[in-house]
J.: 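Structure below; questions to follow.
Atoms within each ligand, like the ligands themselves, are counted from 1 in listed order. One-based numbering along the sequence shown.
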Amino acid sequence: MASAAQTAGRDPASVTLVAVSKTAPQTAVLAALHAGQCQFGENRVQEAAEKFPALRTDWPDLHLHLIGPLQTNKALDAVRIADVIETLDRPKLADAIARAADITGRLPGLLIQINIGDEPQKSGVAWQNADDFIRTSKQRFGANLRGLMGIAPLGVDPAPYFARLAATAATHGLADLSIGMSGDFPAAIAAGATHVRIGTAIFGAR
Ligand SMILES: *Cc1c(COP(=O)(O)O)cnc(C)c1O
């Protein structure tokens, strides 16, 4: 990450590593915490709820990002346990998150996931609806709406997809850009990623 940042002429400290610990046991999370890593990503609310809340007492700096597709019926639990939900991608989910925030009195940071490769099997807002959904969500959630998240298609140069997402975030004045995984994080850092989500390269193959 540091060398990718240097190559891109960026300060390495401007890119946050989110360690994606899905399927990794809590012992692996603990080992990462002891090594100084405190931002984690999980796909499933249930798995995150089993692994993370108990760690917060000893690790007050721990930050949990939910990065998987989120069902509306999991929104309440998600809002209870997450520091950041990276996968806001539809009005019904925005409604459920707003309701959960009313109930719990807490609202995590939010990123809107865009389906940057227009892939039918992937979640995320379609490009054609992105500007409208970003504007509406910004009005609704204010500064809690922090940025955009995307997953590049496999097997092609991710750079143009990342660049389009970065430009969209800039247009809307959103600071956070969560792009880049084990296979493509240098390109994401070159495109301006503020957060990279790395699983395999840290915890091994799933
Ligand atoms: C699993 C996952 C990652 C991590 O992918 P790796 O290739 O293991 O680094 C990142 N983002 C999302 C949304 C994921 O589901």
J.: Transitively linked via ILVMFWY side-chain contacts under 4.5 Å: Leu111 with Leu88?
T.: no

J.: Identify whether the distance between the nearest side-chain nitrogen and carboxylate oxygen of Arg140 and Asp95 falls below 4.0 Å.
T.: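 Answer for the salt bridge query: yes.
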
J.: Could you tell me how the ring of Trp59 sits relative to the ring of His34: parallel (under 30°), tilted (30 to 60°) or perpendicular (over 60°)?
T.: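 If you compare the ring of Trp59 with that of His34, the planes turn out perpendicular.
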
J.: Only counting residues at least two apart or in another chain, list the ones meeting side chain to side chain contact (heavy atoms under 4.5 Å, CB included) with Ala191.
T.: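 So Ala191 forms a side chain to side chain contact (heavy atoms under 4.5 Å, CB included) with Phe162, Ile179.
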
J.: Let me know which protein residues bring a heavy atom to under 4.0 Å of ligand 1; chain then number is fine for ordering.
T.: Val20, Lys22, Asn43, Ile67, Met149, Ile151, Met181, Ser182, Arg197, Ile198, Gly199, Thr200, Arg206

J.: Just distance, no hydrogens or angles: give the donor-acceptor pairs under 3.5 Å from side chains in residues 153-161, sequence neighbours left out.
T.:
| unit_1 | atom_1 | unit_2 | atom_2 | d |
| --- | --- | --- | --- | --- |
| Asp157 | OD1 | Ala159 | N | 3.0 |

J.: Under 3.5 Å, side-chain donor or acceptor atoms of residues 19-29 against the rest of the protein: list the pairs with distances, not counting sequence neighbours.
T.:
| unit_1 | atom_1 | unit_2 | atom_2 | d |
| --- | --- | --- | --- | --- |
| Ser21 | OG | Glu42 | OE2 | 2.7 |
| Lys22 | NZ | Asn43 | OD1 | 3.4 |
| Gln26 | NE2 | Lys51 | O | 2.7 |

